[in-house]
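These notes concern the structure reproduced below.
By convention in this document, chain letters (A, B, ...) are assigned in the order of the sequence lines, proteins followed by strands, and residues within each chain are numbered from 1.
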Amino acid sequence: MAIQSKRPDTFYQQHDTLTLAQKLLGSELVHDSPEGRTAGIIVETEAYLWGDPACHAYRRQTTRNAAMFGPPGTLYVYLIYGMYHCVNVVSGAIGIGEAVLIRALEPTEGLDLMRARRQERYLVAGTKSKPLSDKELCSGPAKLVQAMGIRLAEHNFSSLTQGPLFVSSPFSAAAAEIVTTTRIGITQGADLPYRFYVKNNPFVSKR
DNA sequence: TAAGGGATTGCCT
DNA sequence: GGCAATCCCTTAG
């Protein structure tokens, strides 16, 4: 296993949100949990900006979006549709509610643990019997939260620069081609080109 | 205080 | 491809 360097505070401080959303592509998200390590290369992101009607911080700071107003490199985790969670990397200055949504990972480590976490719900429900394929583990914002063992109570407000959940620099600096397009699942600001993904990567949630 | 709705997912037709 | 599931937060009254 190669030595991985944790992205420092300056990585999150020096880039504006749209740039950070692209810089995060190719970086690896790592979680060293008590159950073991899971990790994946970030292959799809979306930016949510100040003054952007789709941004959770668009109106004002509230209890739900408070983490977005923290320092860059903070995690913002929220509940969506009453049953799933999504994770964001907070960006922009303190007091400015901007963030980058992590939408998909290419799994690199701990795939069995990911599978176990993802299938837990099905095993309980007893509906799904077939093991999930590698592509089904992290190809969506709520999927990767499950697979990585990210939880609202534990990780909202936590920092990516200190602690067991962090972003590492890529192993190879091979510049992948980035596709820029519109964001998924939103109604407001649907025409803004704030979604980025690695071209031709099969682990991206949607083409 | 009440009611609407969402940065999704997976099952069903 | 369409749609239900399922909560809590936010906004309106």
Of the options [options], whose atoms approach the side-chain atoms of [X] most closely?
X        : options              : value
A:Ile184 : B:dT8, B:dA7, B:dG10 : B:dT8
A:Tyr48  : B:dA7, C:dC9, B:dT9  : B:dA7
A:Met83  : B:dA7, C:dT6, C:dC9  : C:dT6
A:Tyr78  : C:dC9, C:dT11, B:dA7 : B:dA7

task = Scan A:Arg183 against the nucleic acid and name what it touches under 4.0 Å (heavy atoms): base, sugar-phosphate only, or nothing.
result = nothing
Within the sub-3.5 Å range, which N or O atoms of nucleotides 4-6 of chain B have a protein N or O partner, and how far apart are they?
none

OP1 or OP2 of [N] versus the side-chain N and O atoms of [X]: is any pair under 4.0 Å?
X        : N      : value
A:Arg118 : B:dG10 : yes
A:Lys143 : B:dG10 : yes
A:Arg103 : B:dA7  : no

key: Sub-6.0 Å ring centroid separation between A:Tyr78 and A:His85   = no
Sidechain-backbone polar pair: A:Ser139 side chain, A:Lys135 backbone, donor-acceptor under 3.5 Å = yes
Worked verdict on A:Ile178 versus A:Lys199 for side-chain contact (heavy atoms from CB on, under 4.5 Å) = CA-CA 6 Å; A:Ile178 297 175; A:Lys199 187 172 184 177; over 6 Å; no
ask   = Residues two or more places apart in sequence or in another chain: which of them pass ring-ring contact (aromatic ring centres under 6.0 Å, His included) with A:Phe166?
value = none
key: Euclidean distance, atom CG of residue A:Leu49 to atom C1' of B:dA7 [Å, nearest integer]   = 13 Å
task = Cation-pi check, A:Arg183 to A:Phe196: give yes when NZ or CZ is under 6.0 Å from the six-membered ring centre and within 45° of the ring axis, no otherwise.
result = no
query = Is A:Glu44 salt-bridged to A:Arg195, going by a charged N under 4.0 Å from an acidic O?
reply = yes
